[in-house]
There are 2 protein chains.
Amino acid sequence: MVKITDVARHAGVSPSTVSYALSGKRPISEETRQRVEAAIRELGYRPHAGARALASSRSNVLALVVPLRAGIHVPVVMQFAVSVVTTARRYDHDVLLLTQEEGEDGLRRVADTALVDALIVMDVQLHDPRLPLLRSLERPSVMIGFPAEADGLTCIDLDFKAAGEACVEHLARLGHRVVALVGSPPEVYVRQTAFAQRVVQGFTAAADRGGLSSSVHPCEATPAGARLVAEQLLREQPALTGVVVHNEPVLEPLIDAFEQLGLRVPGDLSVTAICPDELAESVRVPVTSVPLPSAEVGERAVQLLMKKLGGSAVPEATLLPPRMTERASTAPRDA
Amino acid sequence: MVKITDVARHAGVSPSTVSYALSGKRPISEETRQRVEAAIRELGYRPHAGARALASSRSNVLALVVPLRAGIHVPVVMQFAVSVVTTARRYDHDVLLLTQEEGEDGLRRVADTALVDALIVMDVQLHDPRLPLLRSLERPSVMIGFPAEADGLTCIDLDFKAAGEACVEHLARLGHRVVALVGSPPEVYVRQTAFAQRVVQGFTAAADRGGLSSSVHPCEATPAGARLVAEQLLREQPALTGVVVHNEPVLEPLIDAFEQLGLRVPGDLSVTAICPDELAESVRVPVTSVPLPSAEVGERAVQLLMKKLGGSAVPEATLLPPRMTERASTAPRDA
DNA sequence: GCCAGGCGTCGAAGCGCTTCGACGGAGGAC
DNA sequence: GTCCTCCGTCGAAGCGCTTCGACGCCTGGC
């Protein structure tokens with residue numbers, strides 16, 4: 001193994017000079033830097049991560065806790081993860097993967113052993129048990145999602161409440177008076193997953209404000225679940241003309257089910273969704289949607305963490321505004 | 001931060017004794033061990049990962065390279081990842097997440113900096129450019145998937161060839177004489193992704209052996225792609241009665257398309273798939289399938305790595321035999 | 001009763017890097 | 001010309017842990 005002393009000898013300088021040339025923490029003359037860089041290249045030098053972590057008390061590794069529970073859409077999780085890793089690399093950091101299963105112990109472990117410098121936590125619940133832990137940790141963290149009480153913590157997410165509102169307002173603008181939200185599976189609400197709750201809040205608030213009649217329907221993430229909800233809606237809400245879907249796997253099956261029950265989209269029923277653009281576009285009837293900008297959220301989460309690691313203050317809450325794309329699934333009522 | 005010397009002082013022993021009590025690498029009297037453990041608990045001691053890595057030249061971290069290219073089924077990737085993380089934790093290891101995008105440089109980096117002790121690589125191609133790199137690395141690795149030439153490397157995967165054969169043989173046993181394989185999107189074959197190729201080999205070999213007439217059809221991973229292939233099959237293979245699907249997202253849409261074209265499953269057409277059990281079970285007509293045992297593959301991959309890290313020899317190739325589950329989508333021809 | 005051998009523990013020497021204080025020399029201010 | 005400053009570099013001291021050799025003591029064999 002080639003080490004920093006080898007590089008130093010080869011370049012005719014001291015090890016500390018090599019270190020400073022690498023980190024830029026002290027000025028090094030152009031000429032010396034060149035020699036050092038040449039030596040590094042010729043010898044194929046790679047600083048030892050452990051030694052570096054020990055001496056600098058920085059591991060340049062971030063922890064990412066991914067959810068693996070029922071009811072969350074896996075591709076979205078993966079998009080987050082990839083975006084986090086990619087962004088972290090831009091800041092010369094790596095990403096350690098933790099599963100929800102490891103729970104609080106896992107967080108504490110990687111933080112206390114100095115395996116990681118900072119943490120990103122996904123799938124936050126309104127009253128998440130990890131909140132006090134994150135507050136007590138001596139390392140910065142960012143949560144993707146908003147708990148009920150976020151004092152002293154840093155959170156970022158799509159503004160799901162505004163997204164719910166945007167969907168309803170879009171439907172209201174088109175003249176719809178009776179709307180329904182087809183949401184996540186029941187267990188997601190039972191767990192009080194923050195983002196699901198906020199969609200409901202926004203949906204309901206906007207409907208009330210606009211004087212619309214509204215109802216909320218959890219839905220199993222299967223085609224069968226979709227059919228069930230479609231039938232139920234038809235039965236219980238015959239005047240229904242607008243639907244908001246916040247449940248990725250169910251979007252296409254639900255539209256199929258409506259059509260099989262004789263409701264044309266958007267002729268009889270306008271449908272909007274909160275889901276990735278790819279999904280919205282790939283459905284037979286492209287769906288007017290508010291995408292969850294996972295790539296942006298992941299990137300911004302890492303950037304927040306980097307700022308915190310750099311000692312800067314960051315806003316406690318970052319809510320990304322929803323951006324709706326109109327597609328073929330919504331139309332004016334009585335059009 | 002509490003360190004090993006604090007623990008030692010508190011327990012009235014030397015630091016090395018604490019270390020040996022923790023690692024078990026030398027005998028320690030029961031009584032001393034108790035005192036050490038008590039001290040650790042009382043002080044909340046956590047060994048510093050970097051220091052440990054530096055002194056022992058073991059980081060207790062594994063690298064996992066996940067694919068993020070088009071045409072691979074994301075939930076399956078996630079299952080692998082979770083299984084790898086979970087198993088690694090059982091062996092007191094953590095997992096560093098690398099994306100395919102980082103490529104060979106990323107592998108070399110984490111290996112050379114001693115950030116990780118060993119590597120797991122997914123989505124192997126027949127002529128994978130990372131092969132020579134993995135051979136040259138001084139750290140053990142395991143590939144999930146089989147390249148064309150695996151000499152000197154360790155590979156594990158479902159025996160996709162046998163899986164393809166099993167599907168055909170099952171159909172042949174039921175009396176079907178004309179079969180088709182609906183496969184992955186074209187780009188997967190263009191890239192020569194190993195597992196996709198092997199399914200084709202097994203499918204074709206078994207069909208030839210059994211004197212069946214067979215054809216292979218790549219398929220875009222969208223409902224539209226499924227419809228296209230269904231129509232094409234109907235047109236070009238009117239005598240077709242058996243289909244093997246190896247393309248998760250397309251399974252349900254394909255069956256829908258067949259039924260809309262007037263073919264009943266399994267009445268007119270028997271369908272088998274290579275896909276996760278959950279998917280096979282969630283389709284309207286539960287599908288006879290060979291599951292990809294991702295959890296087992298991930299677990300075994302980690303175990304192989306642990307053996308290699310322990311200095312033991314391991315088999316170069318581990319092929320997990322396919323296990324078919326019969327469901328409602330297959331029936332005897334002319335039944 | 002004496003010596004060999006092993007068990008249990010200690011001390012010290014690193015592992016490879018960063019960082020702090022120091023220092024020589026060059027340049028600017030007066 | 002002198003003094004001060006700042007730039008660029010060096011040396012040494014750790015960072016917190018593991019591990020190797022050494023050593024004392026207890027046990028057992030004869």
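By convention in this document, chain letters (A, B, ...) are assigned in the order of the sequence lines, proteins followed by strands, and residues within each chain are numbered from 1.
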What is the distance, rounded to the nearest whole Å, between atom [atom1] of [X] and atom [atom2] of [N]?
{"X": "Met1(B)", "N": "dG14(D)", "atom1": "CE", "atom2": "P", "result": "18 Å"}
{"X": "His48(A)", "N": "dG14(C)", "atom1": "NE2", "atom2": "P", "result": "17 Å"}
{"X": "Arg33(A)", "N": "dC7(D)", "atom1": "CZ", "atom2": "P", "result": "14 Å"}
{"X": "Glu30(B)", "N": "dT9(C)", "atom1": "CD", "atom2": "C1'", "result": "16 Å"}
{"X": "Arg9(A)", "N": "dG16(C)", "atom1": "CZ", "atom2": "C1'", "result": "13 Å"}
{"X": "Arg58(A)", "N": "dG16(D)", "atom1": "CZ", "atom2": "P", "result": "16 Å"}
{"X": "Ile4(A)", "N": "dC15(C)", "atom1": "CD1", "atom2": "C1'", "result": "14 Å"}

Under 4.0 angstrom, heavy atoms only, what part of the nucleic acid is Ser56(A) near: base, sugar-phosphate, or nothing?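 Sugar-phosphate: the residue Ser56(A), judged by heavy atoms under 4.0 Å, touches backbone atoms but no base.
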
Counting any heavy atom closer than 4.0 Å, what does Pro47(B) reach on the DNA or RNA strands: base, sugar-phosphate only, or nothing?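 Result for Pro47(B) = sugar-phosphate.
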
Side-chain heavy-atom pair Val65(A), Leu119(A) within 4.5 angstrom cut-off: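 No, side chains not in contact.
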
Under a 4.5 Å cut-off applied to non-hydrogen side-chain atoms, are Arg52(B) and Leu22(B) in contact?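 With C-beta onward as the side chain, the pair touches.
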
Does Arg26(A) or Val18(A) map to a spot on DNA chain C nearer the 5' end, using the closest nucleotide for each?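 Upstream on the strand: Val18(A).
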
Between Ile28(B) and Leu54(A), which has a closest nucleotide on DNA chain C that is more 5'?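 Per heavy-atom nearest nucleotide, the more 5' residue is Ile28(B).
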
Taking the minimum atom-to-atom distance to the side chain of [X], which one of [options] wins?
{"X": "Ala55(B)", "options": "dC10(C), dC17(D), dC10(D)", "result": "dC17(D)"}
{"X": "Arg52(B)", "options": "dG11(D), dT9(D), dT18(D)", "result": "dT18(D)"}
{"X": "Tyr20(A)", "options": "dG8(D), dC20(C), dC10(C)", "result": "dC20(C)"}
{"X": "Ser19(B)", "options": "dT19(D), dG8(C), dG16(D)", "result": "dT19(D)"}
{"X": "Ala51(B)", "options": "dG16(D), dC17(C), dG11(C)", "result": "dG16(D)"}

Would you say [X] places a side-chain N or O within less than 4.0 Å of OP1 or OP2 belonging to [N]?
{"X": "Lys3(B)", "N": "dC17(D)", "answer": "no"}
{"X": "Ser14(B)", "N": "dT9(C)", "answer": "no"}
{"X": "Ser16(B)", "N": "dT18(D)", "answer": "no"}
{"X": "Lys25(A)", "N": "dT19(C)", "answer": "yes"}

Distance only, no hydrogens: is a donor on one side chain within 3.5 Å (strictly under) of an acceptor on the other, for [X] and [Y]?
{"X": "Ser83(A)", "Y": "Thr86(A)", "result": "no"}
{"X": "Glu299(A)", "Y": "Thr87(A)", "result": "no"}
{"X": "Ser19(A)", "Y": "Ser16(A)", "result": "no"}

Determine whether a donor-acceptor pair (N or O, by modelled atom type, separation under 3.5 Å) exists between the side chain of Ser29(A) and the backbone of Thr32(A).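 Answer holds: yes.
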
Would the base of dG8(C) count as contacting Ser29(B) through its side chain, where contact means a donor and an acceptor less than 3.5 Å apart?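 Answer no: no donor N or O sits under 3.5 Å from an acceptor.
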
Relative to the 5' end of DNA chain D, which residue comes earlier, Val2(B) or Gly12(A), by the nucleotide with the nearest heavy atom?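 Going by which nucleotide is closer to the 5' end, it is Gly12(A).
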
